[in-house]
Amino acid sequence: MKAVELYYQLSKDFIIDGVSDTWAVFMGDIEEYLTESFKKTSMGLVCDFTEDINRAYTAVFPTEAVMQKILTENITDALLFLHHPSIWDIRGKKSFYQMNKELLKEFKKRRIAIYILHVHLDNYGEYSTSKTLAAALNIVVEKPFKSYCGALSGVIGITKCKTIEKLNKDFSHAMGHNTKLYSYGDESIIDGRVAIVAGGGNSRDTVKEILEEGINVFITGV
């Protein structure tokens with residue numbers, strides 16, 4: 001299909017007024033590849049490399065492994081759809097790393113565009129990260145919470161699990177790998193209510209809001 005048609009539909013379905021982002025501020029190393037609209041808004045079309053899209057790939061981060069994998073497919077006229085335009089790795093000296101410039105050059109040569117939806121995918125809605133995580137855990141959503149860049153990125157819901165050990169077991173099963181339980185409080189789940197924010201578990205403001213709700217279980221990422 002025509003790339004501009006897909007970009008229009010994504011914008012229509014997801015991008016709403018009042019939601020902001022700041023990625024472009026940190027992406028000076030690859031500024032020459034960024035669209036003018038992304039430099040201003042930090043959302044939507046990151047790299048405008050193609051007029052047609054015959055295949056689409058999805059990933060959370062544009063790591064070298066992800067980009068190399070696409071290039072080994074030896075395809076052209078494609079789209080890499082991302083949740084984040086930078087690589088997040090807290091094990092290094094800094095949190096965010098930019099896409100490999102040499103691989104970006106190859107993306108441009110092969111007409112592989114890059115598009116992101118970050119806050120808009122975190123925002124409460126049918127496809128939001130926290131809402132879909134709740135669904136995977138069979139948690140019935142009570143309401144959204146956690147204001148973030150103009151969006152509501154978390155949900156509060158009800159679980160049938162009686163203990164945090166059982167909930168953690170379900171969490172690991174849903175994720176497909178072991179998850180970590182930090183048992184700082186009681187083993188029971190107060191009134192079955194839990195808070196979910198798919199990422200950003202290191203936010204003190206989020207924890208404060210959860211405590212004000214009288215909730216003692218928080219499901220999150222790093």
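Just so you know, these numbers use all the heavy atoms, side chains as well, and skip hydrogens, waters and symmetry mates.
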K.L.:
Can you name the salt bridge (charged side-chain N to carboxylate O under 4.0 Å, His left out) partners of Lys169, sequence neighbours left out?
P.N.:
none

K.L.:
Each residue besides Ile87 in its hydrophobic cluster should be listed here, by chain and number; the cluster joins Ile, Leu, Val, Met, Phe, Trp and Tyr at side-chain heavy-atom distances under 4.5 Å.
P.N.:
Tyr97

K.L.:
To the nearest 0.5 Å, how far apart are CD in Glu165 and CD1 in Ile189?
P.N.:
9.0 Å

K.L.:
Please collect all salt bridge (Lys or Arg N to Asp or Glu O under 4.0 Å) contacts where either partner lies in residues 2-15, sequence neighbours excluded, each pair once.
P.N.:
Lys2-Asp52

K.L.:
Which pairs, with at least one residue in residues 181-191 and sequence neighbours excluded, count as a side chain to side chain donor-acceptor pair (under 3.5 Å)?
P.N.:
Asp186-Ser188

K.L.:
With Phe61, which residues qualify under ring-ring contact (aromatic ring centres under 6.0 Å, His included), at least two apart?
P.N.:
His84

K.L.:
Asn123: which residues meet the side-chain contact (heavy atoms from CB on, under 4.5 Å) condition with it, sequence neighbours left out?
P.N.:
Ile16, Ala151, Leu152

K.L.:
Quick one: which residue pairs count as a salt bridge (Lys or Arg N to Asp or Glu O under 4.0 Å) with a foot in residues 121-133, not counting sequence neighbours?
P.N.:
none

K.L.:
With Lys108, which residues qualify under salt bridge (charged side-chain N to carboxylate O under 4.0 Å, His left out), at least two apart?
P.N.:
none

K.L.:
Give me each pair satisfying side chain to side chain donor-acceptor pair (under 3.5 Å) with a member in residues 132-142, each pair once, sequence neighbours excluded.
P.N.:
Glu142-Arg193

K.L.:
Restricting to pairs with a member in residues 19-45, which pass salt bridge (Lys or Arg N to Asp or Glu O under 4.0 Å), not counting sequence neighbours?
P.N.:
Glu32-Lys101, Glu36-Lys39

K.L.:
Going by salt bridge (Lys or Arg N to Asp or Glu O under 4.0 Å), name the pairs with one or both residues in residues 194-212, residues two or more places apart or in two chains.
P.N.:
none

K.L.:
Clusters formed by hydrophobic residues whose side-chain heavy atoms approach within less than 4.5 Å: which one holds Leu10, and what are its other members?
P.N.:
Met1, Leu6, Tyr7, Phe14, Ile15, Met43, Leu45, Ile53, Leu79, Phe81, Tyr115, Leu117, Leu121, Tyr127

